[in-house]
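Down below is the structure, laid out as C-alpha cells.
Side-chain atoms are counted along with the backbone in the values below, which use heavy atoms only and exclude waters and symmetry mates. What you see is a predicted model; the values in this text were computed from it and never measured.
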Amino acid sequence: MSGAVRKPRARLVPAASPSLVVGLVVTAVFVGMALLSLVWTPWEPTALNILNKLKPPSLAHPLGTDFFGRDVLSQIMAGAQVSIVVAVVAVLVGAGIGVPLGALAAARGGLVDDLVMRSTDLAFAFPALLTAVIITALAGPGAVNAIVAIGIFNIPVFARLTRGAALGLWKRDFVLAARCAGKSDLAITIEHVLPNCTAVLVVQATIQFALAIVAEAGLSYVGLGVQPPQPSWGKMLFDAQTYVYSAPWLAIFPGLAITIAVLGLNLLGDGLRDALDPKVRRAR
C-alpha cells in the first residue's frame, strides 16, 4: 500500500556513544603525541638555552620556553611518554596481581576470602603517595619506585572488583553445569568466570589508567617520581610555581595536558561501559 508507514530497521550494531568517540579521539591524540616524541620533537626537550629563557608562546616556540630556555611543547610531548609508561606498567602490575587474588577469593570463599579481603583493606590504608614515601626512604626516588607505589595501590582495586563480579557468576547456571561436568574450580575460573568479567575489568583499567597519570604527576611534583633531566608533567608544574605570575604558560600548558589526558580516558571509560554493559545498551 502506498500510504503504509515504513518501520525503521532495527540496528544490528548499537551506535557508539559520544563519550566513546570523544574519549577515543582524545586518547589517540595523547598516545600519538607520545609516540611522535620518540622520533621527533620541535626542539630537544632537555637542551638548555639560557639566552632564550622565559619566552612567551611564539611561532618558534608555540608554548613558550621555561627558565632554562627549554621548549615547553617538546617537554610536554616527551612527558607524555613517561605518563603512559608509568600508568600502563602500574595498571598491569595491579591487574596482574589483583585479578588472580579476587578470582581466588570468589572461588574458594571462607578463610581464603577473608584473608584476601583483609589484605586489601590493609593496602587501602597506604595510598600511592604514602607508599612512595616509604619506598623512597628505602630505595630512593625514581620512575621504578613510582610504578611500584601506584601498582601496589591498584592491586586491592582490581582484587575487590574481580571478587564482586565473580561471586555473582559462581551462582549462574552455566557455572553449576560446569561443576556437574566435573571441572575443577581453576578450570571454571579460567574458562567461564574470568571471560565474563572482562568487560568490567577493561572499563576499570581505563579509569585506573587515568588515575595513574594523576598519581605519577603528583609523585613527580613532590620529587618522588621521575627525576631530572627526564621531562615530567608533574615536575614541570613544580618548577612553574615560582613563575606563576611572570610566566603563567609554564603552569597552564602542563596542567592542561594532564586535564585533557585524564578527561579523555574518563570519557573512554564511560563510553566502554555504555558499549559493553548490556543493561545500558537496552536502556538506550
Exercise. Stepwise, does the side chain to side chain contact (heavy atoms under 4.5 Å, CB included) test hold for Thr206 with Leu272?
Worked result: CA-CA 9 Å; Thr206 306; Leu272 288 174; 3.6 Å; yes
Exercise. Taking only residues two or more places apart in sequence or in another chain, which ones pass side-chain contact (heavy atoms from CB on, under 4.5 Å) with Ile207?
Worked result: Val203, Gln204, Leu211
Exercise. With hydrophobic residues grouped by side-chain heavy-atom distances under 4.5 Å, do Leu104 and Val175 end up in a single group?
Worked result: no
Exercise. Does Pro57 reach the side chain of Leu63, with side-chain heavy atoms less than 4.5 Å apart?
Worked result: no
For this session: Identify, with sequence neighbours excluded, every residue that meets side-chain contact (heavy atoms from CB on, under 4.5 Å) alongside Gln227.
Result: Pro141
For this session: Would you mind reporting whether Trp43 and His61 have side-chain heavy atoms less than 4.5 Å apart?
Result: yes
Problem set entry | Distance, nearest 0.5 Å, that separates CG of Leu250 from CZ of Arg70 | 10.0 Å
Exercise. Can you tell me how far CG of Asn49 sits from OG1 of Thr65, rounded to the nearest 0.5 angstrom?
Worked result: 8.0 Å
Problem set entry | Results of side chain to side chain donor-acceptor pair (under 3.5 Å) for Lys53 - residues two or more places apart only | none
Exercise. Would you call Gln75 and Thr46 a side-chain contact if the rule is heavy atoms closer than 4.5 Å?
Worked result: no
Seminar exercise, completed: Nearest heavy-atom approach of Ala146 to Leu219 is CB-CD1, 3.9 Å
For this session: Measure from the side-chain N and O atoms of Ser220 to the backbone N and O of Ser232, and report whether any donor-acceptor pair falls under 3.5 Å.
Result: no
Problem set entry | Joint hydrophobic cluster, Leu51 plus Phe68, side-chain heavy atoms closer than 4.5 Å | no
Seminar exercise, completed: Taken to the nearest 0.5 Å, the spacing of Leu267 CG from Ser19 OG works out to 5.5 Å
Exercise. Checking side chain to side chain donor-acceptor pair (under 3.5 Å) for the pair Gln241/Tyr221: CA distance, chi angles, key distance, verdict?
Worked result: CA-CA 10 Å; Gln241 61 186 351; Tyr221 182 86; 2.9 Å; yes
Seminar exercise, completed: Asn154 and Gln208 have their tightest heavy-atom pair at OD1-NE2, 2.6 Å
Problem set entry | CZ-CD1 distance between Phe209 and Ile150, expressed to the nearest 0.5 angstrom | 11.0 Å
Problem set entry | Trp249-Phe238 co-clustered via ILVMFWY side chain contacts under 4.5 Å | yes
Problem set entry | Between Phe30 and Trp233, ring centroids under 6.0 Å | yes
Seminar exercise, completed: d(Phe253 CZ, Asp66 CG) to nearest 0.5 Å is 13.5 Å
For this session: Name all residues meeting the side-chain contact (heavy atoms from CB on, under 4.5 Å) criterion together with Leu24; count only those two or more places apart in sequence or in a different chain, and write none if there are none.
Result: Leu20, Leu268
Exercise. What pairs with His192 under ring-ring contact (aromatic ring centres under 6.0 Å, His included), at least two apart in sequence or on another chain?
Worked result: none
Exercise. For Pro156, what residues pass the side-chain contact (heavy atoms from CB on, under 4.5 Å) criterion, not counting sequence neighbours?
Worked result: Thr120, Ala123, Phe124
Exercise. Should the heavy atoms of other residues, nucleotides or ligands under 6.0 Å from OH of Tyr243 be counted, would the total exceed 12?
Worked result: yes
For this session: Using a 4.5 Å cut-off on heavy atoms from C-beta on, say whether the side chain of Phe174 contacts that of Leu169.
Result: yes
Exercise. Counting only N and O atoms by type, is there a donor-acceptor contact under 3.5 Å from the side chain of Thr162 to the main-chain atoms of Phe158?
Worked result: yes
Problem set entry | Spatial distance of atom CG (Leu265) from atom OG1 (Thr27) [nearest 0.5 Å] | 4.5 Å
Exercise. If we only count heavy atoms from C-beta on, is the Arg163 to Val116 side-chain gap below 4.5 Å?
Worked result: no
Seminar exercise, completed: Between Thr189 and Trp170, the two heavy atoms sitting closest are OG1-CZ2, 3.4 Å
Exercise. Looking only at heavy atoms, what is the nearest atom pair of Ala251 and Leu237, with distance?
Worked result: O-CD2, 3.4 Å
For this session: Flag the pair Pro42 / Met77 as yes when at least one side-chain heavy-atom distance between them is below 4.5 Å, and no otherwise.
Result: yes
Exercise. Just wondering, do Leu194 and Thr198 contact through their side chains at under 4.5 Å, heavy atoms?
Worked result: no
For this session: Identify the two heavy atoms, one from Ala210 and one from Val262, that lie closest to each other, and give their separation to 0.1 Å.
Result: O-CG2, 3.8 Å
Exercise. In terms of hydrophobic clusters joined by side-chain contacts under 4.5 Å, are Leu122 and Ile152 together?
Worked result: no
Seminar exercise, completed: Heavy atoms of Leu73 and Pro62 approach each other most closely as CD2-CG, 4.1 Å
Exercise. Under a 4.5 Å cut-off applied to non-hydrogen side-chain atoms, are Ile76 and Met236 in contact?
Worked result: yes
Problem set entry | Derivation and outcome, side chain to side chain contact (heavy atoms under 4.5 Å, CB included), residues Val226 and Lys235 | CA-CA 8 Å; Val226 176; Lys235 187 65 170 63; over 6 Å; no
Exercise. With hydrophobic residues grouped by side-chain heavy-atom distances under 4.5 Å, do Ile188 and Leu186 end up in a single group?
Worked result: no
